[in-house]
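Here the structure comes first, spelled out in C-alpha cells, and everything after it is commentary.
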There are 2 protein chains.
Amino acid sequence: MATAKTTEFTQAEQDLATFAKALAHPARIAILKILAEQNACICGKIVEVLPLAQSTVSQHLKELKNAGLIKGTVEGPKSCYCINWEAFEKINSEFSFLFTSLKTQNSKSCC
Amino acid sequence: MATAKTTEFTQAEQDLATFAKALAHPARIAILKILAEQNACICGKIVEVLPLAQSTVSQHLKELKNAGLIKGTVEGPKSCYCINWEAFEKINSEFSFLFTSLKTQNSKSCC
DNA sequence: TTGTTCTATCGTAAAAAAACGATAAACTAA
DNA sequence: TTAGTTTATCGTTTTTTTACGATAGAACAA
C-alpha cells in the first residue's frame with residue numbers, strides 16, 4: 001500500500017488522522033461525553049447506557065485507550081476509566097491548529 | 001447492528017463522528033492542506049503530490065465532497081476542487097464545542 | 001470453598017474502507 | 001475527425017472496522 005510516489009504523508013498528518021479515527025465513531029464520542037459528565041471512572045455503566053454489547057463497548061474503550069484519550073485502572077472486579085486530559089488538550093490544540101492554519105492561508109473559494 | 005438498548009446515539013454524536021471520519025485518513029488531511037495552500041482548485045496536481053494512484057485520490061476527493069468539506073466544479077476536461085469554508089467553519093466550531101464542553105464539566109482525572 | 005459479578009479477550013462473521021488497474025466519458029488540440 | 005488529456009467510475013482484492021457470543025480470569029460475597 002502507498003508505494004511512495006513523490007511525498008509520503010507527514011507525521012503530523014498521520015497523527016491527526018489517528019486522532020480523528022479515534023473520534024470517528026458515535027459510540028466513542030458518547031463514551032467520552034459520559035466520562036466527562038461523570039467526571040471519571042464508570043465502567044459497566046457505559047454498557048448500560050450504550051446500545052451495544054459489553055464486548056463491543058470494551059473494544060471501543062480499548063481503542064480510546066490506545067489512542068491515549070482515556071486512562072484505565074482496575075478497581076477490584078471493576079474497571080475505572082477516565083479522560084486523559086493532557087492528551088485531550090493536545091488533540092484539541094492540534095485540531096485548532098489545523099483549522100486555523102488552513103483558514104488563515106486564504107479564505108476564498110474558487111468554485 | 002446496534003439493536004437499541006437504552007439510548008441510541010444522538011444526532012450530534014453521529015454528525016461529529018462523520019466529520020471525524022472524513023479527517024481520519026492522512027491523504028484527506030493532506031488534500032485539505034493542499035487545497036488551502038493553493039487557495040483553490042487543483043485536481044491532477046494532487047495526484048502528482050500524493051503517494052497514491054489517481055483513482056484512489058479521486059475516491060478520497062469524493063469522500064471529502066460527500067462530507068461537505070470541499071466543493072468541486074468541472075472546468076473543461078479538468079476538475080476544480082476547493083474547500084467549502086462555510087462547512088469547515090461549522091466543523092471547527094463543533095469540534096471546539098465538543099472539546100470545551102467536555103473540558104468544562106470537570107478537569108480532574110480519577111485514575 | 002462456592003457462587004456471583006465484572007470485564008477483557010478470543011473467535012468469528014459481516015460490513016466498510018482503502019487501494020489499484022482498466023475503462024469510459026468529456027473536453028481540447030491538431 | 002482523430003489523437004491526447006483529464007478525471008470519474010467500475011470491478012476487484014485486501015485490509016480494517018464493527019459487532020456479537022462465549023469464555024476465562026479476577027475479585028468479592030456468602
Side-chain angles (χ1 to χ4, degrees), chain A residues 1-6 8-9 13-14 17-31 34-35 41-67 69-82 111, chain B residues 1-6 8-9 13-14 17-31 34-35 38 40-67 69-82 111:
Chain A
M1 297 180 280
T3 50
K5 210 175 181 181
T6 318
E8 279 303 326
F9 301 117
E13 283 161 358
Q14 294 185 55
T18 300
F19 284 143
K21 193 176 281 181
L23 299 177
H25 195 290
R28 293 195 286 272
I29 291 182
I31 288 173
I34 294 170
L35 291 183
C41 304
I42 304 169
C43 35
K45 277 223 167 178
I46 298 171
V47 177
E48 279 177 40
V49 177
L50 297 188
L52 296 169
Q54 180 268 320
S55 56
T56 307
V57 172
S58 217
Q59 226 172 247
H60 282 303
L61 285 167
K62 193 179 177 183
E63 283 179 66
L64 286 171
K65 202 174 168 187
N66 286 343
L69 282 172
I70 64 176
K71 293 185 280 185
T73 48
V74 180
E75 286 199 354
K78 304 184 181 178
S79 267
C80 163
Y81 285 100
C82 58
C111 30
Chain B
M1 296 178 280
T3 50
K5 210 176 182 180
T6 316
E8 278 303 326
F9 301 117
E13 283 162 358
Q14 294 184 54
T18 301
F19 285 143
K21 194 176 279 182
L23 299 176
H25 195 290
R28 293 196 286 270
I29 290 182
I31 289 173
I34 294 169
L35 291 183
Q38 314 272 332
C41 302
I42 306 169
C43 35
K45 277 221 168 182
I46 298 170
V47 177
E48 279 176 38
V49 177
L50 297 188
L52 295 169
Q54 180 267 320
S55 56
T56 306
V57 172
S58 219
Q59 225 171 249
H60 283 303
L61 285 167
K62 194 181 178 183
E63 284 180 65
L64 286 171
K65 202 176 169 186
N66 286 343
L69 282 172
I70 65 176
K71 292 186 281 186
T73 48
V74 180
E75 286 199 354
K78 304 185 183 179
S79 267
C80 164
Y81 286 100
C82 58
C111 30

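Chain letters run A, B, ... following the sequence lines, proteins first and then strands; every chain starts at 1. Small disclaimer: the values here were computed from a predicted structure and weren't measured.
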Would you mind reading off the distance between A/K78 atom NZ and C/dC6 atom P, rounded to a whole angstrom? 6 Å
Which pair of non-hydrogen atoms, one from A/L61 and one from A/Y81, has the smallest distance, and what is that distance? CD1-CE1, 3.6 Å
Atom CZ of A/R28 and atom C1' of D/dA19: how far apart are they, to the nearest Å? 12 Å
To the nearest Å, give me how far apart NZ (A/K65) and P (C/dT7) are. 13 Å
Going 5' to 3' along nucleotides 22-30 of chain D, which nucleotides have protein heavy atoms under 4.0 Å from the base (write B), which only from the sugar-phosphate (write S), and which from neither (write -)? B----SS--
Can you list the residues that meet the side-chain hydrogen bond (donor to acceptor under 3.5 Å, both in side chains) rule with A/Q59, with sequence neighbours excluded? none
Ignoring hydrogens and geometry beyond distance, is the side chain of B/Q59 in donor-acceptor contact with the base of C/dA19 at under 3.5 Å? yes
Between A/S58 and A/Q54, is there a side-chain heavy-atom distance shorter than 4.5 Å? yes
By nearest-nucleotide position on DNA chain D, the 5'-leaning member of B/L61 and A/H25 is B/L61
Whole angstroms only, please: what is the NZ-C1' distance between A/K62 and C/dA8? 8 Å
What's A/S79 touching, base or sugar-phosphate or nothing? Going by heavy atoms closer than 4.0 Å. sugar-phosphate
Using whole Å, report how far CD1 of A/I70 lies from P of C/dT7. 13 Å
Heavy-atom closest pair (B/L69 atom, B/A22 atom, distance to 0.1 Å) is CD1-CB, 3.9 Å
Rounding to 10 degrees, work out the angle separating the end axes of the helix from C/dT1-D/dA30 to C/dA30-D/dT1 (five pairs an end). 10°
Tell me the interatomic distance from A/L64, atom CG, to C/dA8, atom C1', rounded to whole angstroms. 15 Å
Give a yes/no answer on whether the side chain of A/T56 brings an N or O atom under 4.0 Å of OP1 or OP2 in D/dC20. yes
Provide the closest heavy-atom pair for A/L23 versus A/I29 in the form atom of the first, atom of the second, distance. O-CD1, 3.4 Å
Could you check whether any side-chain N or O of B/R28 sits under 3.5 Å from a backbone N or O of B/K21, counting only pairs where one atom can act as donor and the other as acceptor? yes
Just how far, in rounded Å, is P of D/dT18 from CD1 of A/I29? 12 Å
Work out which heavy atom in B/F9 is nearest to a heavy atom in A/A27; give both atom names and the distance. CE2-CA, 3.4 Å
Between B/S79 and B/C43, the two heavy atoms sitting closest are O-CB, 2.5 Å
What is the distance from NE2 of B/H60 to C1' of C/dA19, rounded to the nearest Å? 8 Å
Within the pair A/Y81 and C/dA8, is there a side-chain N or O less than 4.0 Å away from OP1 or OP2? yes
Would you indicate which nucleotide in D/dA19, D/dA8, C/dC20 comes nearest to any side-chain atom of A/L52? D/dA19
Spacing of CD1 belonging to B/I70 relative to CG belonging to B/L64, to within rounding of 0.5 Å: 4.5 Å
Classify B/K21 by what it touches in the nucleic acid, base, sugar-phosphate, or nothing, heavy-atom distance under 4.0 Å. sugar-phosphate
Does any non-hydrogen side-chain atom of B/L50 lie less than 4.5 Å from one of B/H60? no
